[in-house]
Structures are given as C-alpha cells and as structure tokens.
Engineer: 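One structure, as structure tokens, below. Some questions next.
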Amino acid sequence: MGMGVDIRNHIARRAAKEIKDGMIVNLGIGIPSLVSNYLTPDIRVMFHSENGILGMGESPEKGEEDAMLCNAGGFPVTILPGASYFDSSTAFGMIRGGHLDITILGGLEVSEKGDLANWVIPGKRVPGIGGGMELAEKAKKVIVLMSHVNKNGEPKILKECTLPLTAKNCVDLIITDMAVMEVTESGLILKEVMEPYTVEDVVKSTGAPLTIRMEGNEFD
Amino acid sequence: MGMGVDIRNHIARRAAKEIKDGMIVNLGIGIPSLVSNYLTPDIRVMFHSENGILGMGESPEKGEEDAMLCNAGGFPVTILPGASYFDSSTAFGMIRGGHLDITILGGLEVSEKGDLANWVIPGKRVPGIGGGMELAEKAKKVIVLMSHVNKNGEPKILKECTLPLTAKNCVDLIITDMAVMEVTESGLILKEVMEPYTVEDVVKSTGAPLTIRMEGNEFD
Amino acid sequence: MTKVASLEKALSFITDECVLMYGGFGGVGNPPTIINGILEKGVKDLILIGNDAGFPEIGIGKIVSRERAKKLITTHIGSNPIAGKLMVEGKLEVEFCPQGILAERIRAGGAGLGGILSDIGIGSVIEKGKQKVLVGGREFLIETPLQADVAIVHAKKADTYGNLIYDKSARNTNPIVATAGKITIAEAEEIVEVGELDPESIITPGIYVDFIVQSKGVDWKWAWE
Amino acid sequence: MTKVASLEKALSFITDECVLMYGGFGGVGNPPTIINGILEKGVKDLILIGNDAGFPEIGIGKIVSRERAKKLITTHIGSNPIAGKLMVEGKLEVEFCPQGILAERIRAGGAGLGGILSDIGIGSVIEKGKQKVLVGGREFLIETPLQADVAIVHAKKADTYGNLIYDKSARNTNPIVATAGKITIAEAEEIVEVGELDPESIITPGIYVDFIVQSKGVDWKWAWE
C-alpha cells in the first residue's frame, strides 16, 4: 500500500484498542498481523489461527523457530498457556459457529454498507479466496485496516465497491491512516481523525458520505 | 427369541468363522455380541463400537469394570493394544465411509433380496432406530444371526419382509439355528444345514425359494 | 477470566421449556451433577436432544423418567422403558434420527453449516417430513443442523479456560455436543489451572465452553449392576 | 499385520492422472519424503486437492512448480507465484474453494456424506456452477464431498497399525485428509509398536491408514528463511 512502517504501526496500535480482555481474535496478514504487538499486558486474548491453533503467542526469537508451529501464513509462532491444537475443519467450525469476537482484516475497498472487497483485483492474478470469506461473514465484529486512498490518491471507501466482494454487509469498523469510521445502518460515522489530517481532508478522500460524530462532540 | 444358550452359542460360533485376520468388525447386541468369544487367537480383529472405540477387547473380570469404558450397549468392555477413542460422529464417519469389513446384526425378518427388518414391530413400542440403518447400509458385509422361525413357527426368511425395513438389499449372509444361507443376485443359496435338521426341514421353514449348493456338493 | 462457576450459577441458564442438549451414550458420559441439579431445581417441559434416553435411573434417563421433558430428539429409547411408556401415553413427544446422522446434525449445528446431505434411511420412515435433493443423479435427504439453548457435557479434566479432555469411551457424543450450545456447561471430574493440559491432548478447545462445574462424581449404579 | 511399507511400495499407488489429496497448510505438514518420491518417480498430470500450493520450493509447491499437476482444487495459491503463472498460461487448471468449506468437503468425503449446505460465498463467484437449495426460507449452496485415489499425510508418530498423532500446528488438514483417500499413505517421523501410543492421544485411528512410510525428515528451508 506504500504506507511507511510508522503509519502501519500507528494503524495497528489504534486497532489494538478495540480488543478487550478475554476476547477471541483472528488477525489477517499485513497490517493486521502487527496488532498483537500493541496489546497491553492486562488484555489477555486468545489468538485464533485457521490452520488449527487457539492461543498463539509472540513470534519466537531468531533461532528458536519450530518448523511444526506456524500461523496460517506459514510463519513461525509460539503458544501461550491454555492453547490448543485442532484440525482446520474445527478451526473453521469455530469461525462459522460464531465464536470469534473480532477479526481484523486488510481491505482493497469498503462500501458505506460495510461490503468488503479484499481478495482479487481484476486483471491481476487471482490468488484465491483463502479463509477471508468465512472470517468476514461470520466473526462477531469485523475491523478493516487499510490505507485511506489507493496509490493514485483515489478513495477506497466508496458508496459501492467496484471490485469483486469478499462479503456483503460485514464490516463494522474501518481504521485507516487518516481516520476511524464506524459502519452503521445509516451509513458511515467518522469517529476519529488521525494526525496531521483534518475532517475536511478525510471527507475529501472518502467516496461516501460521512456523518461526523467525533469522540465527545456531535456534528452533523 | 426363545432359543437356548447352546443354540445361541452355536450360531455365534459359526458366525465367527466369517471373520478373517485383520478385519474391522462391529457386533450388534444379542447373539452377535457372543461372536467374539469364538475367535481363535490367530485371528486379530479390531472391534468397532458406535460410541467411539476401535479395538475393544474382552469383557472385564467382575470388579474390574471401568464406568467410563463401555460398549454401545452400555456394558463394560476392555481395550486391546492399538485401540483408540474418538467421538460418535467419527465412529459413524468410519461406518458411512465404508471402513467396516463386517457387521453382524440380529434380525426380525430377511427377504430373499437381502432386505433387513430388525428395528420395529408394529403394535409394539418403537424403541428407535439407533445405528442399525447405517451399519446395515454401509458395512462391506452384513451377516444376520437369528432364529430361523418366529415363536409361532412361521418363517422369518421371506420373499418380501412384512415389517418396516431397516435397509434394503443389504444382507450378505444369514446364519440361523437351522442353516447358513447366502444372499445373491439370483436369490438365496443354502450353504449349510445345522444339526439335527435336514435340507427338507430348512426348505419347509423358509418363506422363500432356496437354491441348494452345499459345501463340496452341488444340488439345484 | 476463569469460567469455573457454581452449580447454582450454571443451572440459572437451564429453565422451563429450554432446549437442552446433553453429551453421553447409554448413560456413560452424561453429566450427573448437572442432571441431579436440574431435578432438584424442578425444571420442567424441557426439549431434550441427545443420543438416547439413558436408563430409568441412570444419567439423562432420570430427567425423562420423572417427566421433566416434553420432547426428545434422539436415536433410540430402548434402554429406558419409561420413555417408551410416556411416548405411548402421549406425555413425551419423541423424534427418532439415525444415530450417526444425529451426531452429524449436532456437529453441523456447532460448525455453522446449513445441514448435511445423507443417504441413510432413503425409502424408510426416516424420510418423513424431510426435503430431498438430487445431486449428481443420486437422491439425498437434507438433514438439518441441531443447536441448543444450553449444552451440558461431562469431562474428565477441564482447565479454567474450559479446555476439556474426556475419559475413554465416556468421550462419545460429548465433544460434538460441546460445540452446539448457545451456552455450554461442562461438568468436570477435575479442574486444573490453565497451562496444565497438554495442548496436543485437548479434545474440546475452551472456545466452546462457557461455564465449568465441579463434578460430584458418578452417583448411580451402572447398567450392568 | 503391520502397515509399514517401503517408499517404493507406497509410490506404486501414485500414478499419472491420479487424484492425489495432501495434508498440510502453507507447506507445514506436507509429507516431504512422499513428495520427493513422487518427483523422482516422474509422476505427471496429477489432480491435486489440498489447502494451498505451498511455496515454490516448499512442500506440495515443488510438485506444482515442476508442472506435475494438471489440476488443483484448493483455497489459495498466493504463496506460490509459479502456480499463478501456470494458471494464467493455461497449464494448470485451478478450482478455488473457501478454506473452511474445502476442509468440510474433504471431511464429508471421508465421512460418507452426500455433501454439506453452506452459506459461505452466497452472491459471489463461489456460487458458480453450484446447486442451491432453500431450507427454512434460507438459501444454501450444496458443497459436494471430495475424495481421492490416494491421500498423503504427515504425522509425528505412527504405530504399525496406522494410528497417528501429529505435531503442533502441522496437524492442520492432515486428520481430515487421512479419512478421504481410497488409499491413505502416512509419512511418519517416528514409527512405534502397537500399544505404545496412548489411546486417548490418537488423532487419526489406524482404520483410515493403509500404508506407513518412514519420513526422511523435513528437507527444505522454511517460508521465513
């Protein structure tokens, strides 16, 4: 997405605030995978992985990797006390059964109705669907982390997505380098604006109407 | 069925001959449950139970029962080396997946086409279907053990069953107190006659035509 | 963050007319402490879902024998003659399902599937009231998923997060039942701290368990006694 | 009665154009010794079924990269760019399936179900070519079962009857894949006598396994290296 490391980490830090003690959370690849770095020690979370782990911990130290203990992306992880292993059909049974409190995913486009497109760009190679559809459709809360605009400066938050959908009406919260927006029945609510942007910057960079209802204030 | 212990054991002993080394076998309740007593030590069999055991052994000694180790009938069992425990959905996945070499079941009626009725007598209380349908439909070989006639002396082996069916076209072999009969595409083959009966006795007590093709001989 | 709860707390979710699913097979693996608690609390008109009706004085059978259930979705009731008597008298509605298909319907309920396609019982009374589909030229019954307001299971050990391991054949239907409750209550013979169970040995991940109750142990005579 | 076999014997069942299902997820848990054996034997035109295409030089990825497969039923191929290139060039037919639904289709194949009903991907490209049914007023896709001529899995330990236990997250799709082969071959890091595995700890009962091959161990660099 061409965002610097600092901005990516900033988005991840903001997303971490959505995670409460005791939650079961699945993190997608990319920026979402950074979120676990920003949890405070009082927040005990069970991280879920599609390949069959509940209770992932931090990445191992270099040299301490275990070839038989990896996350869904194939990268080495550790486990925390209380963790369990199971097969992938069980891992997805948990997802479809509605047991995930939050999934945090990357996005290519999000519509004002909460439609998510994040799996294929026409004209580019199709990488496949993976577990994204199930996570987007079935997690209790879906948070999308992405850059606010594409590399041509065009909005990625739109009235209607132009790319093939991953799932309809699934996104609850969008966190970008510019803003935090909630998806509601009546459209998008702008809740926070990131430094150094202004409300006007955000509105200009968003392809759908925003209702402005910032923390502690109410504009309309 | 009003058959004496000796006759029941005799039927069970004959059924045991059908079991070959290395087979996976499920025994129903009643006479079938006696079959395991008649296996010779060279025949190593994995006994399967619907509640989630593969590799059941003999009944425990009195006083050695384990309340947490029972067969599908709720009676105490033991396990052999190589046994495993799993849940009931897996136990039936094994059955439907075609992994059972033989199931030995009781019967109320069997037709010449191999239809089996063994679960409900109209007018009597319906006990339920249990796992019998899946065993009868999906085991590679289905052997039925029963008395040749009912308590009124009427045949239980018929051209068509009169009772509700457990499964159609499923029975491969019938072993009774009078005879051993194979079910084939072209009807029932009488293979053996039990002491003290004659071929004529068997034919008279059977409600379907029998082709007589005894061990080492051929009559027609 | 412990899920260990008093029996009273756990029972507060089990109320008149609720859909109660129970683990166990032939009495073995039914959770005895919770079942006795239900009887003592006086809950009635339960809709039960489980493998069988136990024995008259063993396991779930006690709830059936004492007429605390109005409906039972199960595979057979032969081991509990009182269940059969109540059925004939019209005091207990019974819906029979082939045993492995009941297990799959429970699993489907827990795993968020819309149902399964089955060829078990085609052409028999099992078809009654069920939708059929033709797939690849073959006919299948649509067997719908089963879920419960409350699922109760019996475990050998639980950690305080609700990870469960079972005891030999008392595992039976418990792992699938544990997945299919809106609320799942596990009765455990032993409760240990998080981290004490080998992650490889856990059969039911704690994600499925909402409350853990200390078992008072098996209190009945067994079927063979 | 031992199922331990030579690699050569096991490979005799894996022939040109056969349907080969493989356990593993992102390379982890693919059986390396069997995969290398397939490459050395020169088997071609395989129809592969498995979670992903591995990495170009890791696990099942090697079979794809070396153009030994004509078709792949999978969930994503993003980690193996050569798979994407072959797909675009028309040299590899790829059928995509949502990840959990692929797992369920494999499980259904192993468990003798006619299929499952799924609401994943309704209204998307996933619907393409699939039957739909309306159950209780809701629309579902019929997802059909998957089986294979040969299923290959990787285990930590096997006993000579074929009971298997797995190693941490390398378990992933292996237990379901083990159930869905007409012939199932397990590659095990360690082979022990019958009776040495705790019956409670066995994940794949030996009933599903036809042959056991001694693993030569993981021979590749991992994705993160």
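Side chains are part of it too, since the values below use all heavy atoms of this structure and drop only hydrogens, waters and symmetry mates. Letters A, B, ... mirror the listed sequences (proteins, then strands); counts begin at 1. Predicted model only: the values in this text are computed from it and were never measured.
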Engineer: Roughly how far, to the nearest 0.5 Å, is CG of D/Asn163 from OH of D/Tyr208?
Structural biologist: 12.0 Å
Engineer: Spell out the residues in residues 173-199 of chain D that have some non-hydrogen atom less than 4.5 Å away from a non-hydrogen atom of chain C, in order of number; otherwise answer 'none'.
Structural biologist: none
Engineer: What residues of residues 123-134 of chain C sit under 4.5 Å from chain D when you count only heavy atoms?
Structural biologist: C/Gln131, C/Val133, C/Leu134
Engineer: So C/Cys18 and C/Leu46, side-chain contact (heavy atoms from CB on, under 4.5 Å) or not? Walk me through it.
Structural biologist: CA-CA 5 Å; C/Cys18 88; C/Leu46 289 166; 3.9 Å; yes
Engineer: With a 4.5 angstrom heavy-atom cut-off, is it the side chain or the backbone of D/Glu143 that approaches chain C, or both, or neither?
Structural biologist: neither
Engineer: Closer than 3.5 angstrom, by distance alone: can the side chain of C/Thr33 be matched with the main-chain N or O of C/Ser215 as a donor-acceptor pair?
Structural biologist: no
Engineer: As a quick check of understanding, evaluate side-chain hydrogen bond (donor to acceptor under 3.5 Å, both in side chains) for C/Tyr166 and C/Thr204, giving each step before the final call.
Structural biologist: CA-CA 9 Å; C/Tyr166 300 96; C/Thr204 293; 2.6 Å; yes
Engineer: Identify which part of D/Leu113 has an atom lying under 4.5 Å from any heavy atom of chain C, answering side chain, backbone, both or neither.
Structural biologist: both
Engineer: Could you check if a side-chain atom of D/Ile77 sits within less than 4.5 angstrom of a side-chain atom of D/Met87, using non-hydrogen atoms only?
Structural biologist: yes
Engineer: Let me know if C/Arg138 has heavy atoms under 4.5 Å from chain D in its side chain, its backbone, both or neither.
Structural biologist: neither
Engineer: Would you call C/Lys62 and C/Asn36 a side-chain contact if the rule is heavy atoms closer than 4.5 Å?
Structural biologist: yes
Engineer: State whether D/Glu200 and C/Arg171 are salt-bridged, where the test is any N-O pair (Lys NZ or Arg NE/NH1/NH2 against Asp/Glu carboxylate O) under 4.0 Å.
Structural biologist: yes
Engineer: For D/Gly24, does its backbone N or O pair with a side-chain atom of D/Asn51 as donor and acceptor, under 3.5 Å?
Structural biologist: no
Engineer: Mark yes when over 12 heavy atoms from residues, nucleotides or ligands other than D/Lys70 sit less than 6.0 Å from its NZ; otherwise mark no.
Structural biologist: yes
Engineer: Among D/Asp119, D/Val135, D/Ile120, which has the most heavy-atom pairs under 4.5 Å with chain C?
Structural biologist: D/Val135
Engineer: Show the numbers, then the answer: is there a side-chain contact (heavy atoms from CB on, under 4.5 Å) between C/Leu164 and C/Val209?
Structural biologist: CA-CA 9 Å; C/Leu164 306 180; C/Val209 176; 3.8 Å; yes
Engineer: Once rounded to the nearest 0.5 Å, what's the spacing between atom CD1 of D/Ile49 and atom CG of D/Leu102?
Structural biologist: 8.0 Å
